[in-house]
Amino acid sequence: MTTRRMTRVTIFALAAAAATLAHAADATDPAVKARQEAMETIGKNMKSIADMAKGKADFDAQAAGAAAAVIAETADKVPGLFETRADDPESEAKPAIWEDFGDFTEKSEALQAAAGSADMASLDALRNSVGEIGRTCKSCHDDYRVKN
């Protein structure tokens with residue numbers, strides 16, 4: 001992946017993480033709040049590894065690996081958090097999630113796989129992994145998240 005392409009994916013991931021963090025505290029429906037908290041967890045950990053990839057934070061292979069593991073573990077829980085359709089004025093979930101729950105689940109599984117197989121042993125490997133993880137985030141957000 002080119003540095004320019006990786007930068008664009010990283011910028012998207014950071015913007016998505018920031019937007020998720022901004023809205024997580026506002027939901028009142030418990031199911032929606034739980035979803036937002038899971039997305040906040042993914043966003044915080046994505047920001048951590050993206051900051052390393054961009055040189056905004058020192059590279060730490062152990063911390064990067066731990067962040068990727070948390071992303072994978074949380075992604076595994078995402079479909080279960082969306083099984084029951086719940087709504088809240090602060091929800092950013094599109095109805096399309098429940099209209100094509102199979103695809104939504106596949107995209108969550110892709111995130112879990114990308115994060116679970118991420119190579120965080122070196123800065124170059126981390127940069128490639130951040131790009132792949134970011135692409136999986138973007139593919140789901142493009143189809144299933146309301147853009148604010």
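Along the sequence shown, residues carry numbers from 1.
Lys56 places no side-chain N or O within 3.5 Å of a backbone atom of Ala50 that could act as its donor or acceptor partner. In this structure a side-chain-to-backbone donor-acceptor pair under 3.5 Å is missing from Arg145 to Glu92.
Side chains of Val78 and Met39 form a contact here, defined as non-hydrogen atoms less than 4.5 Å apart. Contact of the Thr28 side chain with the Lys33 side chain is not registered, since no non-hydrogen atoms from C-beta on lie closer than 4.5 Å. Side-chain contact between Ile71 and Thr41: absent, with no pair of heavy atoms (C-beta onward) separated by less than 4.5 Å. Between Leu111 and Thr74 there is no side-chain heavy-atom pair separated by less than 4.5 Å.
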Side chain to side chain contact (heavy atoms under 4.5 Å, CB included) between Thr136 and Lys107, worked out: CA-CA 7 Å; Thr136 62; Lys107 289 182 178 187; over 6 Å; no
**Message:** Evaluate Met46 against Val130 for side chain to side chain contact (heavy atoms under 4.5 Å, CB included), listing each step before the verdict.
**Reply:** CA-CA 8 Å; Met46 184 64 189; Val130 166; 3.7 Å; yes
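Distance check, rounded to the nearest 0.5 Å: OG of Ser139 to OH of Tyr144 gives 9.0 Å. With values rounded to the nearest 0.5 angstrom, Lys47 atom NZ is found 9.0 Å from Lys54 atom NZ. Note that CG of Asp124 is 11.0 Å distant from OG of Ser129, once rounded to the nearest 0.5 Å. Expressed to the nearest 0.5 Å, how far OG of Ser117 lies from CD of Gln112 amounts to 10.5 Å. Atoms CZ and CZ, on Arg85 and Phe101 in that order, are 11.5 Å from each other to the nearest 0.5 Å. To the nearest 0.5 Å, atom CE of residue Met52 and atom CG of residue Leu126 are 7.0 Å apart.
Using a 4.0 Å cut-off between charged nitrogen and carboxylate oxygen, Lys77 and Glu73 do not count as a salt-bridge pair.
The side-chain contact (heavy atoms from CB on, under 4.5 Å) check on Ala86 picks up Asp29, Ala31, Val32, Arg35, with sequence neighbours excluded. Remark: Asp119 engages no residue in a salt bridge (charged side-chain N to carboxylate O under 4.0 Å, His left out) (not counting sequence neighbours).
Taking each heavy atom of Ala53 and Arg127 in turn, the nearest pair found is O-NE, 2.8 Å. Between Ala75 and Pro79, the shortest heavy-atom distance links the atoms O-CD, 3.5 Å. Among all heavy-atom pairs drawn from Ala115 and Ala72, the shortest one is CB-N, 3.7 Å. Shortest non-hydrogen contact noted between Gln36 and Ala27 is OE1-CB, 2.9 Å.
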Scan the side chains in residues 93-100 for donor-acceptor partners under 3.5 Å anywhere in the protein, sequence neighbours excluded, and list what turns up.
{"unit_1": "Trp98", "atom_1": "NE1", "unit_2": "Phe82", "atom_2": "O", "d": "2.6"}
{"unit_1": "Asp100", "atom_1": "OD1", "unit_2": "Asp103", "atom_2": "N", "d": "3.3"}

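In the hydrophobic clustering of ILVMFWY residues, with side-chain heavy atoms under 4.5 Å counting as a link, Ile133 and Val70 come out apart.
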